[in-house]
Amino acid sequence: MKKIEVIIRKSKFDEVKEALHQIEVNFFSYWDVTGVGNEKEGHVYRGVSYSTSDIQRRFLSIVVTDPFLEITINAILKTAGTGMVGDGKLFVSTIDEVYRIRTKEKGTDAVN
């Protein structure tokens with residue numbers, strides 16, 4: 001099993017969520033985060049300069065079985081990207097064990 005942690009633009013969240021549902025990844029956690037990115041210049045909008053040093057993003061935490069790893073990554077990469085600086089990051093780590101608290105199931109049965 002793998003844990004995918006993704007930091008994406010808030011504006012892309014609905015597209016990513018829909019793409020995950022389409023591939024039957026129906027459970028994940030998310031929350032709003034603020035981070036510091038590589039972009040050094042501010043943006044000007046209607047004559048006002050805005051700092052981009054503190055960036056508002058959405059953080060997703062997804063646990064999938066190994067067969068779903070590549071399809072999940074591809075769905076996120078396809079929908080989350082704009083091709084511009086600040087699209088985010090995706091991290092993959094190994095999960096040793098998973099338990100479903102309600103039924104006491106463990107392993108891949110607890111994920112699905």
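- With contacts defined as side-chain heavy-atom distances shorter than 4.5 Å, the pair Asp14/Lys17 qualifies.
- Sorted by first and then second residue, the side chain to side chain donor-acceptor pair (under 3.5 Å) pairs involving residues 66-79 (not counting sequence neighbours) form an empty list.
- Side-chain contact between Lys12 and Thr82: present, with at least one pair of heavy atoms (C-beta onward) separated by less than 4.5 Å.
- Residue Tyr30 qualifies as open at atom OH: its count of foreign heavy atoms under 6.0 Å is 12 or below.
- Taken together through direct or relayed side-chain contacts under 4.5 Å among Ile, Leu, Val, Met, Phe, Trp and Tyr, Leu20 and Leu77 form part of one hydrophobic cluster.
- Two residues are said to be in side-chain contact when any heavy atoms from C-beta on lie closer than 4.5 Å; Leu90 and Ile8 fail this criterion.
- Hydrophobic clustering, with ILVMFWY side chains joined whenever heavy atoms are under 4.5 angstrom apart, groups Ile23 together with Val92.
- Evaluation of the ring-ring contact (aromatic ring centres under 6.0 Å, His included) test over residues 64-112, restricted to residues two or more places apart or in two chains, returns none.
- Atom CD of Glu24 has 12 or fewer heavy atoms from other residues, nucleotides or ligands within 6.0 Å.
- By the criterion of side-chain heavy atoms lying less than 4.5 angstrom apart, applied directly or through intervening Ile, Leu, Val, Met, Phe, Trp or Tyr residues, Met1 is not grouped with Ile62; the two fall into different hydrophobic clusters.
- No continuous path of ILVMFWY side-chain contacts below 4.5 Å connects Val85 to Ile7, so the two sit in separate hydrophobic clusters.
- Listed here is the closest heavy atom pair of Val16 and Ala80: CG2-CB, 3.8 Å.
- Smallest separation of non-hydrogen atoms from Asn26 and His21: OD1-ND1, 3.0 Å.
- For Asp32, the salt bridge (Lys or Arg N to Asp or Glu O under 4.0 Å) partners at least two apart in sequence or on another chain are Lys10, Arg58.
- The shortest side-chain heavy-atom distance between Ile76 and Leu60 does not fall under the 4.5 Å cut-off.
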Can Lys2 and Ser93 be said to form a side chain to side chain donor-acceptor pair (under 3.5 Å), step by step? CA-CA 6 Å; Lys2 303 292 183 192; Ser93 55; over 6 Å; no

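- In this structure, Val63 and Val111 approach most closely via the heavy-atom pair O-CG1, 3.7 Å.
- Using a 4.5 Å heavy-atom threshold, the side chains of Ile4 and Phe28 count as separate.
- When every heavy atom of Ser61 is checked against every heavy atom of Lys3, the shortest pair comes out as OG-CE, 3.2 Å.
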